[in-house]
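The next block holds one structure in the form of C-alpha cells; read it before the comments.
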Amino acid sequence: MEKENIAVGLDIGTTKIVAMIGKKNEYGKLEILGVGKSKSLGVARGVVNNITQTIQSIQQAIQEAENNSGYKIKDVVVGIAGQHIRSIQHTDYISRNNPEEVIGGNDIQLLIDQVNKLAMLPGEEIIHVLPQEFKIDGQSEIKEPIGMYGGRLESSFHVVVGQASSIRNVGRCIQSSGIELSGLTLEPLASADAVLSQEEKEAGVALIDIGGGTTDLAIFKDGIIRHTAVIPFGGNVITDDIKEGCSIIEKQAELLKVKFGSAWPGENRDNEIVSIPGLRGREPKEISLKNLSKIIHARVVEIVDQVFTEVKAYGHEDPRKKLIAGIVLTGGGAQLKHIKQLVEYITGMDTRIGYPNEHLAGNSDEEISSPLYATAVGLVMKSIENKTQSAVRMDAVEQPKAPTYRSTVVQAPVQEVYENVEKEVDHNAHEKQNSTVNRIQKNFFDRYVDKIKDFLDNAE
C-alpha cells in the first residue's frame with residue numbers, strides 16, 4: 001500500500017497567516033484535512049518586521065490546523081512576497097564538449113548553475129530561476145531539450161530576486177516555531193497554480209492577487225511564466241483611507257469595507273447611510289455609502305493602474321504577447337463588490353474572479369473555496385509536488401519523548417529524514433519522469449532551502 005502523502009502550506013500574509021494541511025484523493029483532487037488561521041502580527045507589506053509576534057502568529061495557525069486535522073506538522077512550504085521582490089529576464093548559453101551526445105539533465109543543470117552566479121545588487125539573492133524556452137544550435141522555441149543533439153544549448157530565463165535578509169527572517173520564524181522549512185515559492189506562482197487552468201496559461205493571462213499588504217502579479221503566455229511583480233499596496237491601504245476619511249477606528253473601517261464597500265461609486269444613492277456606534281458613549285456616527293464608495297474607488301483605481309503599468313511593461317499590446325484570457329482576480333481584495341467591473345473598465349480586458357475550487361475535492365468546505373485561500377491552496381499543491389511526508393497522525397507522534405523535539409538533539413534524525421526523502425524522490429523520478437522545468441525548480445529549491453538551513457544553523 002502506498003504511503004499517504006500529507007502536504008502542508010503556510011501563507012504568511014500581512015493581515016492573516018494560514019496553515020493548510022491536505023492530501024490528494026483517489027481522483028487526483030486536493031482534500032483539505034485541516035486549516036488554521038490567525039491574525040498576522042509582525043508582518044508589513046509581506047515582509048517580517050517583528051520576529052517574536054510573527055512566531056506567535058505562526059504557532060497559533062499551526063496549532064489550530066493540527067487540532068482541526070488530527071495531524072502533527074513537521075515541515076511546510078512557505079510563500080514569499082513583499083516589496084523587495086523583483087524579476088529580470090536573462091538569456092544564457094553553454095557550449096557542449098560533445099555535440100554527438102544527447103542533451104541530458106546535467107547539461108541543463110550546468111546552465112542553471114551559470115545563471116545562479118549572476119551578479120546581484122548588494123543584499124539580494126536569486127529566489128527562482130524559471131526556464132522559459134530553449135534554443136539548440138539556433139533552433140528556437142524548444143520546450144523540452146532533453147534527448148536532442150546539439151553543441152550550443154541556450155535558454156531564456158525568468159529570474160526572481162529578493163532581499164536575502166527578508167527571506168532568512170522568514171526561515172528564522174519557521175524554525176523558531178518548531179517546524180522545518182521544506183520549500184519556498186513566490187506567492188503569485190502558488191496562487192496561479194490554484195486558480196488558473198492550463199488553457200488560460202496557454203492563451204495568455206494576467207493573475208492579480210490582491211492581498212492585505214501587497215498586490216501580486218503573474219503573467220503567463222504559451223504555458224510559460226513571462227512576468228512577475230509585487231506592488232506594495234493592498235486591501236490595508238483601502239481600510240486606512242476609510243479610517244482617515246470617515247474618522248473611525250480601523251476595526252470599524254474594515255467591517256464597513258467588507259459589508260458595504262463598493263469599488264463603483266455610482267451604485268449608491270445619496271440617501272443610503274450606515275450608522276456606526278460611537279466610542280465610549282459618544283453619539284453614533286453616520287456615514288454616507290456614496291462617500292464610502294468614492295474613497296474605496298480612488299484607492300482601487302490607483303492599485304489597478306500600477307498593476308496595469310506592469311502588464312504594459314510586459315508588452316501585452318504586441319499581437320504576439322496578447323493576453324487572450326484577460327485578467328483573473330484573486331486574494332481577499334477580489335471579494336470587494338464591483339471590483340471585476342472596475343478592472344474591466346480600466347484595462348479593457350476580460351476579467352473573472354479566481355476561485356481555487358477547480359483543484360479541490362467536491363466535499364471541501366465552501367470557505368476554503370474562497371479567493372482568500374488561493375495562495376494557501378497553491379502552497380499545499382507545491383508541497384504535494386515535493387513528495388514529502390509533511391505531517392503525521394497525532395497518535396503516531398505520542399511515542400517519542402519530548403527532548404527529541406529540541407533543536408540540539410533533532411539534528412541527526414532530521415538529516416536521516418531528508419536522506420530518506422531524497423531517496424524516495426529519486427525513486428519516484430525513475431518511475432515517472434518529470435518535465436525539465438519541474439525538475440530544475442525542484443533541484444534549485446532543494447539547494448536553496450538547504451542554504452537557508454545552513455545559514456540559520458551557523459547563526460545559532
Side-chain angles (χ1 to χ4, degrees), residues 2-13 15-41 43 54-79 170 173-185 187 190-191 193-195 211-212 330-332 355-400 405 417 421:
E2 195 180 336
K3 195 171 73 172
E4 201 176 34
N5 175 214
I6 308 295
V8 185
L10 184 68
D11 174 16
I12 303 176
T15 50
K16 69 181 188 320
I17 290 178
V18 178
M20 192 176 277
I21 305 174
K23 66 173 183 177
K24 270 199 174 173
N25 64 12
E26 63 268 34
Y27 306 108
K29 294 289 186 182
L30 188 63
E31 187 181 323
I32 303 301
L33 302 171
V35 179
K37 183 178 165 188
S38 68
K39 187 171 171 59
S40 181
L41 303 169
V43 181
T54 305
I55 292 167
Q56 286 171 356
S57 297
I58 290 172
Q59 286 173 332
Q60 195 179 326
I62 292 284
Q63 192 168 0
E64 191 181 318
E66 288 177 341
N67 292 343
N68 289 344
S69 65
Y71 282 84
K72 177 75 179 170
I73 294 173
K74 295 194 300 181
D75 58 67
V76 293
V77 169
V78 180
V170 171
C173 291
I174 301 297
Q175 196 180 55
S176 300
S177 300
I179 47 178
E180 290 292 325
L181 180 67
S182 65
L184 280 165
T185 191
E187 289 198 352
S191 303
D193 282 349
V195 302
T330 193
Y355 298 90
N357 49 8
E358 186 185 329
H359 302 284
L360 294 172
N363 60 350
S364 296
D365 190 344
E366 194 178 326
E367 191 190 3
I368 296 164
S369 305
S370 157
L372 204 68
Y373 292 101
T375 303
V377 170
L379 292 170
V380 175
M381 291 167 68
K382 289 281 183 192
S383 182
I384 283 173
E385 283 175 21
N386 288 349
K387 292 185 168 63
T388 60
Q389 185 72 6
S390 295
V392 292
R393 287 190 181 277
M394 288 285 195
D395 46 21
V397 181
E398 298 302 329
Q399 297 147 6
Y405 288 100
V417 171
V421 167

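FYI, the numbering just counts along the sequence from 1. Only this structure's heavy atoms are used, side chains among them; waters, hydrogens and symmetry mates stay out.
You'll find the side chain of Leu372 reaches within 4.5 Å of the side chain of Lys37, heavy atoms only. Between Leu181 and Val170, every side-chain heavy-atom pair lies at or beyond the 4.5 Å cut-off. Counting heavy atoms from C-beta outward, Lys16 and Asp11 have side chains that approach closer than 4.5 Å. Here the side chains of Asn386 and Lys382 are not in contact, with every heavy-atom distance at 4.5 Å or above. A 4.5 Å side-chain heavy-atom check between Tyr355 and Ser370 finds every atom pair outside the cut-off. The shortest side-chain heavy-atom distance between Met381 and Leu30 falls under the 4.5 Å cut-off. Two residues are said to be in side-chain contact when any heavy atoms from C-beta on lie closer than 4.5 Å; Val77 and Glu385 fail this criterion.
In this structure, Thr375 OG1 and Met20 CE are separated by 10.0 Å, a value rounded to the nearest 0.5 Å. Within the model, atoms NE2 of His359 and NZ of Lys29 stand 7.0 Å from one another, a figure rounded to the nearest 0.5 Å. A distance of 10.0 Å separates CD in Gln59 from SG in Cys173, rounded to the nearest 0.5 Å. Separating the CG atom in Leu379 from the CG atom in Asp193 is a distance of 9.0 Å, to the nearest 0.5 Å. Here the straight-line distance linking atom CD of Gln389 with atom NZ of Lys23 works out to 10.5 Å at 0.5 Å rounding.
Ile21 and Ser69 make their closest contact through CD1-OG, 3.3 Å (heavy atoms, listed as atom of the first residue, atom of the second, distance). Scanning both residues, Ser390 and Ser383, for their nearest heavy atoms gives OG-OG, 3.5 Å. The two residues Leu360 and Ser369 make their nearest non-hydrogen contact at CD1-OG, 3.9 Å. Of all heavy-atom pairs between Ile17 and Thr54, the closest is CD1-O, 4.3 Å. Across every non-hydrogen atom of Ile179 and Ile73, the tightest pair is CG2-O, 3.6 Å. The two residues Ser191 and Thr330 have their closest heavy-atom pair at CB-CG2, 4.4 Å.
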After noting the C-alpha distance and the side-chain angles of Ile32 and Asp365, does the key distance pass the side chain to side chain contact (heavy atoms under 4.5 Å, CB included) rule?
CA-CA 8 Å; Ile32 303 301; Asp365 190 344; over 6 Å; no
Apply side chain to side chain contact (heavy atoms under 4.5 Å, CB included) to the pair Tyr373 and Val35, showing each step before the final yes or no.
CA-CA 10 Å; Tyr373 292 101; Val35 179; 4.2 Å; yes
Carefully, step by step, assess Val392 and Ile6 under the rule side chain to side chain contact (heavy atoms under 4.5 Å, CB included).
CA-CA 8 Å; Val392 292; Ile6 308 295; over 6 Å; no
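The local environment of CD in Glu26 is crowded, with over 12 non-hydrogen atoms from other residues, nucleotides or ligands closer than 6.0 Å. The environment of CD in Glu31 is crowded: more than 12 heavy-atom neighbours from other residues, nucleotides or ligands sit within 6.0 Å.
A donor-acceptor pair shorter than 3.5 Å cannot be found between the side chains of Thr15 and Ser40.
Side-chain N or O atoms of Ser57 include none that pairs as donor or acceptor with a backbone N or O of Ser38 at under 3.5 Å.
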